[in-house]
**Student:** 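I'd like to ask some things about the structure below.
Chain identifiers are assigned alphabetically (A, B, ...) following the order of the sequence lines, protein sequences preceding nucleic acid strands; residue numbering begins at 1 within each chain.
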Amino acid sequence: MNIFLFIKDIIFTAVKNELSENNLPNDFSLKNISVEPPRDKNFGDISTNAAMILAKHLKENPKSISKKLIERIPKCDEIISINIAGPGFINFHINNSVWFSIMNDVLSQGLSYGSNESGAGKLINIEYVSANPTGPLHVGHARGGVFGDALANLLSKSGYNVTKEYYINDAGSQVYSLGRAVYFRYLEELGLKDSKDFEQAIKSGQIEYGGDYVKDIATSLVENYNDKWVSENEEDWLEPITDFAINKMIFLIKEDLDLLGIRHDIFISEKKIVQDGKVNKAVENLEQLNLLYNGILTPPKGKVIEDWEPREQLLFRSSNFGDDVDRPIRKSDGSWTYFASDIAYHQDKIDRGFKEMINVWGADHSGYVKRIKSSVTALSSSQANLDVKLCQLVKLFDEGKPIKMSKRTGTFITLRELVDSVGKDVVRFIMLTRKNDVSLDFDFTKVLEKSRDNPVFYVQYAFARIQSVFRHAQKELPDDFISDKNLKKGDFKNCILEEELDIMKLISSWPRIIELATNSHEPHRIVFYLYELASAFHILWNKGNENAELRFLNKDNLNISLSRLALIKCVSITLASGLEILDVTPVEEMR
RNA sequence: GCGCCCGUAGCUCAACUGGAUAGAGCACCUGACUACGGAUCAGGAGGUUAGGAGUUCGAAUCUUCUCGGGCGCGCCA
């Protein structure tokens, strides 16, 4: 059972009855009523602000409303006592048998414990990473990637039908820059240019991309085509070589993502969106909605733009939907802007049936959020909802000293280097130790430290300790003692320490944490919860150091041992359930 | 100039989306170890939530202004 939902139901029923039986205005939303553990556990196990919310609505004293509501709450075994505190909170003390019964649920549900069906199978699209295929993934992509991936897992856990998507920006001018860079390296590879020519070309801006990966692509180009393109004109080689380079880059990007356990369901090509005429179609839609016009934008104040000249452009009325100004969708040469194909892309998502969409972007795209949300609102007649999650910068450190990153000097840490040096699990966990919209410090030394200061270690260590206890139990206790079947016979009535009850209550709140994290699209909450649960476990563990009778294993009292083993089994299940959302492997043993 | 994000203990960050006495870790004091059952744990100290005004039973959270930091601002994506 989910005790919070149980109490919530009781409270909502009481509120509705109070309103209807007294012919009080019932145009009242229940959604502001909270049902949550109080800040201070001395107040009780579950608390509600229902009376205070009603007080505003009914213009009546909250405490007297509390009394009336309490009278409407039926007597039941789950609730030991109810009292009113503070300005009108109603606090419930819950019977310990409830926590015991939840622990039994955990044992039988295993890793699926915490799942819920609030998503009700609804389609949801989450687009993340979507890095330009013109270079290797770097640290920032790692954060967005892990964030999106964990959020996708979280949404699945809550019963959504999730599609994980990568949008390939393969249609703009910069992909041709990549094509040209590859061609230059291709000539170099064939001995027709040398490194001096290359330096010169970079300096003059003739070539934009100078990384070694461009060389690799050129090598592979030679392997496939020999000198086929050498004497061709640019108009002949540019398209095929660019396509070749993009395909190669996408392959490399997929490899990199795979290192982090990130696997998208679908890759959508911008070029294909354009070729399929979807931009034209989306533009027609906007035209029919009377949301396009030809106009001239005023230059931004306080910012000097050289060679600014007023120019008439086709504009989208995004300001109708909360954007600051209307936005251009056609360039002066007649081709579509990036925004136009992005509109078409989102139209495509809507056409595929998505009413819920999430985009994960780097924070440098913040200026773009309002316009794309405007377009989604417009194209779906407000039926679809897009949430844009912006991930802030990752700052790299080593032993507390900042690592300076610069494309020019070549000190540029890629996703691959990151994973190679600390491992997938560490990267994934650490990337989620901060809320998405604040910058994150990543210290190569610190994340491998074995101390409480390192949350990955601290959580993993809790899990490993539990496994260690079970290994000992396996050796020292009767056969089959720790089998799932036998653990279910454990009587939690033997667990009466305050620390034990605290753990049970914490475990019982796991489904609630998932619900909160899901609704707010904030996977970092899972990490903070796991840290808290690990901490509660380490506390309990240390009780056994102070007093040997409190150890989990006690050969002289198998009955109590069984109960305690069942309890820590619940801890390990919940830890594993959380780590599963993060896609971090729980470790059996610390080395 | 405008928009978005951020500002919480000395440091790094939470705070259940408006709830009760704002919580953790690091660092700093005090205490507990023959070791996969001490890589931890117990306790102490540390706050005008950048600042002012407002909204209400109640604000770190909402509104507004000021200060400070980051990102962005028509033919790049």
**Student:** Just how far, in rounded Å, is C1' of B/G74 from CD1 of A/Ile296?
**Tutor:**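 Rounded to whole Å, this separation is 12 Å.
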**Student:** Taking atom C1' of B/G37 as reference, at what distance in whole Å does atom NZ of A/Lys475 sit?
**Tutor:**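 Taking NZ of A/Lys475 and C1' of B/G37, I get 12 Å after rounding.
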**Student:** Do the side-chain N and O atoms of A/Thr518 and A/Lys157 include a donor-acceptor pair separated by under 3.5 angstrom?
**Tutor:**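 Their side chains do not contain a donor-acceptor pair, so the 3.5 Å distance test is not met.
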**Student:** Shorter than 3.5 Å, N or O on both sides, protein versus nucleotides 33-36 of chain B: list them out with atom names.
**Tutor:**
from, atom 1, to, atom 2, distance (Å)
B/C36, O3', A/Ser468, OG, 2.8
B/C36, N3, A/Met590, O, 2.8
B/C36, N4, A/Met590, O, 2.3

**Student:** Heavy atoms only, 4.0 Å cut-off, all strands: where does A/Pro299 land among base, sugar-phosphate and nothing?
**Tutor:**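 It contacts nothing in the nucleic acid.
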**Student:** Provide the Watson-Crick or G-U wobble partner of B/A60, both distances under 3.5 Å; none if there is no partner.
**Tutor:**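 Base-paired to nothing in any strand shown.
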**Student:** Which part of the nucleic acid does A/Gly172 contact within heavy-atom distance under 4.0 Å: base, sugar-phosphate only, or nothing?
**Tutor:**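 Sugar-phosphate, no base atom in range.
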**Student:** Could you let me know what B/A9 is paired to, Watson-Crick or G-U wobble, both distances under 3.5 Å, or none if it's on its own?
**Tutor:**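 Answer to the pairing question: none, since B/A9 forms no Watson-Crick or G-U pair.
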**Student:** Any salt bridge between A/Glu239 and A/Lys271, counting N to O under 4.0 Å?
**Tutor:**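 Yes, charged N to carboxylate O under 4.0 Å.
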**Student:** Nearest-Å distance, CG (A/Asp437) to P (B/A15)?
**Tutor:**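 The answer, rounded to whole Å, is 10 Å.
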**Student:** Mind checking what makes ring-ring contact (aromatic ring centres under 6.0 Å, His included) contact with A/His538, not counting sequence neighbours?
**Tutor:**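 Listed in chain order: A/Tyr458, A/Tyr461.
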**Student:** Classify A/Glu309 by what it touches in the nucleic acid, base, sugar-phosphate, or nothing, heavy-atom distance under 4.0 Å.
**Tutor:**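 Base contact - A/Glu309 has a heavy atom under 4.0 Å of at least one base atom.
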**Student:** Are A/Lys41 and A/Asp502 close enough for a salt bridge, meaning some N to O gap below 4.0 Å?
**Tutor:**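 Result for this pair is yes, salt bridge flagged.
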**Student:** Provide the Watson-Crick or G-U wobble partner of B/U34, both distances under 3.5 Å; none if there is no partner.
**Tutor:**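 By the stated definition (distances under 3.5 Å), nothing pairs with B/U34.
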**Student:** Looking only at heavy atoms, what is the nearest atom pair of A/Ser341 and A/Val279, with distance?
**Tutor:**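 Residues A/Ser341 and A/Val279, closest heavy atoms: CA-CG2, 3.9 Å.
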**Student:** Between B/U34 and B/A50, how far apart are the two P atoms, rounded to whole Å?
**Tutor:**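 One P to the other, the span is 47 Å.
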**Student:** What is the distance from CG of A/Asp441 to P of B/C26, rounded to the nearest Å?
**Tutor:**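 Taking CG of A/Asp441 and P of B/C26, I get 17 Å after rounding.
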**Student:** Between B/G70 and B/G54, how many Å separate the two C1' atoms, rounded to a whole number?
**Tutor:**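 Each nucleotide's C1' atom is 28 Å from the other's.
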**Student:** Which sits closer to the 5' end of RNA chain B, A/Ser451 or A/Arg327, going by the nucleotide each is nearest to?
**Tutor:**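 First, find each residue's nearest nucleotide; the 5'-ward one identifies A/Ser451.
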**Student:** What do you reckon, is CD of A/Gln474 surrounded by more than 12 foreign heavy atoms closer than 6.0 Å?
**Tutor:**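 Counting other residues, nucleotides and ligands, CD of A/Gln474 stays at 12 neighbours or fewer.
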**Student:** Which protein N or O atoms sit under 3.5 Å from an N or O of nucleotides 60-71 of chain B?
**Tutor:**
from, atom 1, to, atom 2, distance (Å)
B/C71, O2', A/Ala363, O, 3.3

**Student:** Give one of base, sugar-phosphate or nothing for A/Val438, where a contact means two heavy atoms less than 4.0 Å apart.
**Tutor:**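 Since only primed, P, OP1 and OP2 atoms lie under 4.0 Å of A/Val438, the category is sugar-phosphate.
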**Student:** Side chains of A/Asp453 and A/Ser451 only: does a donor on one sit below 3.5 Å from an acceptor on the other?
**Tutor:**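 Checked: A/Asp453/A/Ser451 side chains show no N/O donor-acceptor pair below 3.5 Å.
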**Student:** In whole angstroms, how far is the C1' atom of B/G25 from the CG atom of A/Asn454?
**Tutor:**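 Atom CG in A/Asn454 sits about 11 Å away from atom C1' in B/G25.
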**Student:** Across the strands shown, which category fits A/Glu449 at heavy-atom distances under 4.0 angstrom: base, sugar-phosphate, nothing?
**Tutor:**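 Nothing, no nucleic acid heavy atom in range.
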**Student:** Checking all strands, does A/Asn49 fall into the base, sugar-phosphate, or nothing category for heavy-atom contacts under 4.0 angstrom?
**Tutor:**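 Touches a base.
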**Student:** Would the base of B/A77 count as contacting A/Thr134 through its side chain, where contact means a donor and an acceptor less than 3.5 Å apart?
**Tutor:**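 Check fails, no donor-acceptor contact within cut-off.
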**Student:** Indicate yes or no for a side-chain donor-acceptor contact from A/Arg143 to the backbone of A/Gln392 under 3.5 Å, with no hydrogens or angles considered.
**Tutor:**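 Side chain of A/Arg143 to backbone of A/Gln392, a donor-acceptor pair under 3.5 Å: yes, one is there.
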**Student:** Quantified in whole Å, what is the C1' atom distance between nucleotide B/A24 and nucleotide B/U8?
**Tutor:**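 That atom pair is separated by 13 Å.
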**Student:** Rounding to an integer number of Å, can you tell me how far A/Phe339 CZ sits from B/C73 P?
**Tutor:**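 A/Phe339 atom CZ is separated from B/C73 atom P by 15 Å.
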**Student:** Does B/C4 pair with anything, Watson-Crick or G-U wobble, both distances under 3.5 Å, and if so, with which nucleotide?
**Tutor:**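 Partner of B/C4: B/G70.
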**Student:** Would A/Arg564 and A/Glu500 pass as an ion pair if we require N to O under 4.0 Å?
**Tutor:**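 Looking at A/Arg564 and A/Glu500, the cut-off is met.
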**Student:** Ignoring hydrogens and angles, are the base of B/C13 and the side chain of A/Arg434 linked by a donor-acceptor pair under 3.5 Å?
**Tutor:**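 Absent.
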**Student:** How would you label the contact of A/Phe89 with the nucleic acid (heavy atoms, under 4.0 Å): base, sugar-phosphate, or nothing?
**Tutor:**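 Counting heavy atoms under 4.0 Å across all strands, the contact made by A/Phe89 includes a base.
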**Student:** Can you tell me, in whole Å, how much space there is between the P of B/G44 and that of B/G72?
**Tutor:**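 Going atom to atom, P in each nucleotide, I get 46 Å.
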**Student:** Roughly how far apart, to the nearest Å, are B/C29 and B/U48 at atom P?
**Tutor:**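 Result for the P pair: 24 Å, nearest Å.
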**Student:** Which is true for A/Ser520 with a 4.0 Å heavy-atom rule: it touches a base, it touches only sugar-phosphate, or it touches nothing?
**Tutor:**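 A/Ser520: base contact, heavy atoms under 4.0 Å.
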**Student:** Using the P atom on both, measure B/G51 against B/U61 and round to a whole Å.
**Tutor:**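 Per the computed distance, 11 Å lies between those P atoms.
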**Student:** Could you check whether A/Arg330 gets within reach of a base, just the sugar-phosphate, or nothing at all, counting any heavy atom under 4.0 Å?
**Tutor:**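 No contact.
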**Student:** Protein-nucleotides 41-45 of chain B N/O pairs closer than 3.5 Å?
**Tutor:**
from, atom 1, to, atom 2, distance (Å)
B/C41, OP1, A/Arg452, NH1, 3.0
B/C41, OP1, A/Tyr458, OH, 2.3
B/C41, OP2, A/Arg452, NH1, 3.3
B/C41, O4', A/Asn542, OD1, 3.3
B/C41, O4', A/Asn542, ND2, 3.1

**Student:** Counting any heavy atom closer than 4.0 Å, what does A/Asp170 reach on the DNA or RNA strands: base, sugar-phosphate only, or nothing?
**Tutor:**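 Since no nucleic acid heavy atom lies under 4.0 Å of A/Asp170, the category is nothing.
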**Student:** Would you kindly say whether A/Arg452 and A/Ser535 are connected by a side-chain donor-acceptor distance under 3.5 Å?
**Tutor:**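 A/Ser535 and A/Arg452 do have a side-chain donor-acceptor pair below 3.5 Å.
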**Student:** Quantified in whole Å, what is the P atom distance between nucleotide B/C4 and nucleotide B/A9?
**Tutor:**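 These two P atoms come out 25 Å apart once rounded.
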**Student:** List for me each residue that meets salt bridge (Lys or Arg N to Asp or Glu O under 4.0 Å) alongside A/Lys63, sequence neighbours excluded, and say none if there are none.
**Tutor:**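 Not a single residue meets the salt bridge (Lys or Arg N to Asp or Glu O under 4.0 Å) criterion with A/Lys63.
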**Student:** For A/Ser439, answer base if it contacts any base atom (sugar-phosphate contacts may also be present), sugar-phosphate if it contacts only those atoms, and nothing otherwise; contact means non-hydrogen atoms under 4.0 Å.
**Tutor:**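 Here A/Ser439 touches the backbone only, sparing every base.
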**Student:** Can you tell if the side chain of A/Arg512 reaches within under 4.5 Å of the side chain of A/Asn116, non-hydrogen atoms only?
**Tutor:**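 Heavy-atom side-chain distance check fails, nothing below 4.5 Å.
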**Student:** Base, sugar-phosphate or nothing for A/Pro328? Non-hydrogen atoms, less than 4.0 Å.
**Tutor:**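 Counting heavy atoms under 4.0 Å across all strands, the contact made by A/Pro328 is with sugar-phosphate only.
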**Student:** At 4.0 Å (heavy atoms only), tell me whether A/Glu208 reaches a base, stays on the sugar-phosphate, or touches nothing.
**Tutor:**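 Result for A/Glu208 = nothing.
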**Student:** Which whole-number value in Å describes the distance from A/His524 NE2 to B/G25 C1'?
**Tutor:**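 Spelled out: NE2 on A/His524 to C1' on B/G25 is 16 Å.
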**Student:** Does the base of B/G37 carry an N or O that pairs as donor and acceptor with the side chain of A/Asn545 under 3.5 Å?
**Tutor:**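 Answer no: no donor N or O sits under 3.5 Å from an acceptor.
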**Student:** Rounded off to whole Å, could you give me the CG-to-P distance for the A/Asp326 and B/C73 pair?
**Tutor:**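 Atom CG in A/Asp326 sits about 18 Å away from atom P in B/C73.
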**Student:** Report the residues that fulfil ring-ring contact (aromatic ring centres under 6.0 Å, His included) with A/Phe463, sequence neighbours left out, ordered by chain and then residue number.
**Tutor:**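 Residues passing ring-ring contact (aromatic ring centres under 6.0 Å, His included) with A/Phe463: none at all.
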**Student:** Near A/Glu399 CD, under 6.0 Å, is it more than 12 heavy atoms from other residues, nucleotides or ligands?
**Tutor:**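 No, not enclosed.
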**Student:** Please check if atom NZ in A/Lys389 has more than 12 non-hydrogen atoms from other residues, nucleotides or ligands closer than 6.0 Å.
**Tutor:**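 Yes, enclosed.
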**Student:** Looking only at atom P, what distance separates B/A77 and B/C62, rounded to whole Å?
**Tutor:**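 My reading of the P atoms in B/A77 and B/C62 gives 35 Å.
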**Student:** Check the geometry between A/Tyr368 and B/G72 and answer yes if their rings are stacked (centres below 5.5 Å, planes below 30°), otherwise no.
**Tutor:**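 No.
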